[in-house]
Amino acid sequence: MKFHSLARTDAFVAALVAFSSLALYTRTLAPGLLLGDSGEFQTLVYTLGMTHPTGYPVFVLLGRLFTLLPIGELAWRANLFVAILAALTLACVYLSLRLLVGWRLAALAGTFALAVNPLFWFYAVVAELYIPACAFIAAIVLLLLLWRQSENPRFLFTAGLLGGLSLGVHSTVALIAPGIGIWLLVNGQFRKSWKPAVFGALLGLLLAFSSFLFLDFYSAPSTYYDATVRHALSAWTMTPADFDSPFERLEFLYTGRQFSQLMFRNPIEVMQNNGGGYLEILQNGFAPLTLALIGLGLPAVFVSCWREGLLFLLAGGAQTLFALNYEVDDFYVFFIPSFVFLALWAGIGLGKLLDGIGWGARRLLKGQKPAFAASALLGAIVLGLSIQPWSEMLLTAWRDERVTFAIGTPLDEYPYPIEDPAWVHDEAEVLVNALEPDAILFTGWDVLYPYYFVAHVEQGKTGLAFHETYPQDGMNGLAESTADYIAASLPRPVYFAERPTGANATRFTFKPVIKDGIRLYQVTGVKP
């Protein structure tokens, strides 16, 4: 297949796509501190600490560079970093579609379908990793197509570089690697292609590993290691000696010791449950016309460029298969990177439809210009029909300056309490101000890092320590190593947000205390 050429107009349109989507996402950006993972990323891009598995060191360092910009509040800057990556994702999707189908209207339709997908939009306005994963996937796909068009090895080298770096952004990006490898093989140019691809990937891996070593060595007091792992090593049948070298910590992160038991545990049952959720996501996240275009584009791409069709099917399928087998409450977020391929299929579907209309119009109207005009008119109509279902959502979100469409859905309240976003910071500030400068607090994951953000980032109180009480799924009591850590920490003030349970908790005496209206349980001693 001969790809369509990109013109200056396409650079202008891609820039327009990026800036207009960024305006939308910035307008509706989460205004401040967030809960859970988002609060963790907002904190650790400032303190340069390792995050939960798989560590995401490249994301942390890139985010730290961006947050140096003197605009907005500190937590808001971390959210803005992700919004910019969302805008870049959409620009890459547009350019990829232009290469594949030629029709700008089709490229815009596929890009728009991704831009206003509620799940994509929501995670474009909070500090999370699914949009950065989309950005890397979309950029890699664009670079591969540019290499296929030009055979310039620099494009392939850069694609490999981003692929290697992506292991420090979100490891699910690596799921597209087998599809890319097969695509390179079937292109018939493997001898020419493997060296730049492999060398780029190796350099990316080296940089990602160097990023890990840097954050591991820096070892900020707020690092995930201290917040969650070290005090609870016995929960994973580990001792401090099993976690005292960078390579042991790297293995812990990249083998997903904290979450691996939730992956592919019961494929038949989990896929049935998650599959129903996925169908609901498709129905709620894409207009019926867009779904029809996706259904048309998936087989149509094999007709004109079967190699790229195979690439998209294998890469998008691997992303989807993983999410279908991940048994967590928010499994739906792991589908987001695969939406890049759905957008490509939608654009390809419309492009092939317009090609067919043009072919028929040329035969009927006996002319190139009338045929083009008929196809363009149909494309404009389809684009308008694609926009229409989301018009009210767009206008409401723009007016309210927040993602109001998520209110009342599973996205509401966590990680972004849309209707009352200020309470996260306000509650964290009250508690941090009430604690002694060297206190230790055990609490849940949702508020753990908001406390760290206020204490370590805003107030510089690095003597305060916060820990996740039960870091392993299914724990019904304190880990033995957690109890040992508490005993060794006394008489330092030690508190729990909720009274702990289990046999190891019976080693201690507790006293309910009220700290500026917040009820805590203080460890007052060790039982003989």
Side-chain angles (χ1 to χ4, degrees), residues 36-37 39-41 43-44 49-57 60 129 167-168 170-172 174 209 212-213 215-267 270 322 325-331 334 440-449 452 465-489 494 496-498 500-508 523:
D37 293 0
E40 178 194 19
F41 297 129
T43 302
L44 295 178
M50 196 69 71
T51 72
H52 70 273
T54 53
Y56 316 115
V60 170
L129 293 164
L167 288 180
H170 201 272
S171 56
T172 57
F209 181 61
F212 162 81
L213 290 178
L215 294 186
D216 185 86
F217 175 78
Y218 189 77
S219 192
S222 55
T223 181
Y224 160 82
Y225 296 156
D226 292 336
T228 295
V229 181
R230 284 195 171 101
H231 74 84
L233 282 169
S234 65
W236 299 284
T237 63
M238 296 172 63
T239 67
D242 299 322
F243 200 71
D244 62 359
S245 77
F247 295 101
E248 288 169 334
R249 294 189 285 272
L250 181 68
E251 180 187 8
F252 182 90
L253 292 175
Y254 276 87
T255 57
R257 287 286 294 273
Q258 190 178 4
F259 308 110
S260 58
Q261 77 281 2
L262 303 174
M263 301 175 189
F264 295 88
R265 180 163 59 182
N266 188 352
V270 175
F322 172 79
N325 281 278
Y326 198 12
E327 196 176 5
V328 291
D329 292 337
D330 60 347
F331 70 93
F334 292 92
I440 297 171
L441 174 66
F442 286 86
T443 187
W445 177 256
D446 55 342
V447 293
L448 177 69
Y449 273 99
Y452 264 122
F466 304 93
H467 301 298
E468 188 177 4
T469 310
Y470 307 115
Q472 181 61 52
D473 185 65
M475 288 184 68
N476 54 12
L478 288 183
E480 183 177 358
S481 56
T482 301
D484 294 339
Y485 166 73
I486 294 170
S489 299
V494 179
F496 281 83
E498 295 182 358
T501 60
N504 290 310
T506 62
R507 293 168 54 179
F508 306 101
V523 179

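Just so you know, residue 1 is the first one in the sequence shown, and it goes up from there.
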Quick check for you: to the nearest 0.5 Å, what is the distance between [X] atom [atom1] and [Y] atom [atom2]?
{"X": "Arg249", "Y": "Leu213", "atom1": "CZ", "atom2": "CG", "result": "10.0 Å"}
{"X": "Tyr224", "Y": "Leu448", "atom1": "OH", "atom2": "CG", "result": "11.0 Å"}
{"X": "Ser234", "Y": "Tyr485", "atom1": "OG", "atom2": "OH", "result": "14.0 Å"}
{"X": "Phe496", "Y": "His467", "atom1": "CZ", "atom2": "NE2", "result": "9.5 Å"}
{"X": "Tyr470", "Y": "Thr501", "atom1": "OH", "atom2": "OG1", "result": "3.5 Å"}
{"X": "Ser222", "Y": "Phe466", "atom1": "OG", "atom2": "CZ", "result": "10.5 Å"}

Would you call [X] and [Y] a side-chain contact if the rule is heavy atoms closer than 4.5 Å?
{"X": "Val494", "Y": "Phe442", "result": "yes"}
{"X": "Thr51", "Y": "Val60", "result": "yes"}
{"X": "Leu253", "Y": "Met50", "result": "yes"}
{"X": "Asp226", "Y": "Pro221", "result": "no"}

Between [X] and [Y], what is the shortest heavy-atom contact and its length?
{"X": "Ala232", "Y": "Pro471", "answer": "CB-CG, 3.5 Å"}
{"X": "Ala174", "Y": "Leu167", "answer": "CB-CD2, 3.6 Å"}
{"X": "Pro57", "Y": "Tyr254", "answer": "CD-OH, 4.1 Å"}

List in chain and number order the residues that pass salt bridge (Lys or Arg N to Asp or Glu O under 4.0 Å) with [X], two or more places apart in sequence or in another chain; answer none if no residue qualifies.
{"X": "Asp37", "answer": "none"}
{"X": "Asp446", "answer": "none"}
{"X": "Asp242", "answer": "none"}

Open item on the list: Counting only heavy atoms from other residues, nucleotides and ligands, does the tally under 6.0 Å from CG of Asn476 exceed 12?
Closed with: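 Open: at most 12 neighbouring heavy atoms sit under 6.0 Å from CG of Asn476.
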Open item on the list: Can you tell me if Glu248 has over 12 outside heavy atoms packed within less than 6.0 Å of its CD?
Closed with: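 Atom CD in Glu248 is crowded, with more than 12 foreign heavy atoms closer than 6.0 Å.
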Proximity of [X] and [Y] rings by center, below 6.0 Å:
{"X": "Phe243", "Y": "Tyr225", "value": "yes"}
{"X": "His52", "Y": "Phe41", "value": "yes"}
{"X": "Phe331", "Y": "Phe334", "value": "no"}

Open item on the list: The test is side-chain contact (heavy atoms from CB on, under 4.5 Å); show your working for Thr223 and Tyr218 and say whether it passes.
Closed with: CA-CA 9 Å; Thr223 181; Tyr218 189 77; over 6 Å; no
- [ ] Describe, in one word, how the ring planes of Tyr56 and His170 are oriented to each other, choosing from parallel (under 30°), tilted (30 to 60°) and perpendicular (over 60°).
- [x]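 Parallel, since the angle between the ring planes stays under 30°.
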TODO: Sort out for me which residue in Thr443, Thr482, Thr228 forms a side-chain hydrogen bond (donor to acceptor under 3.5 Å, both in side chains) with Glu468.
DONE: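 The option that passes is Thr228.
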Open item on the list: I need the single residue from Asp484, Ile486, Leu478 that forms a side-chain contact (heavy atoms from CB on, under 4.5 Å) with Arg507. Which is it?
Closed with: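 Answer to the side-chain contact (heavy atoms from CB on, under 4.5 Å) test with Arg507 among Asp484, Ile486, Leu478: Asp484.
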Task: Worked verdict on Leu44 versus Tyr452 for side-chain contact (heavy atoms from CB on, under 4.5 Å) - done: CA-CA 9 Å; Leu44 295 178; Tyr452 264 122; over 6 Å; no
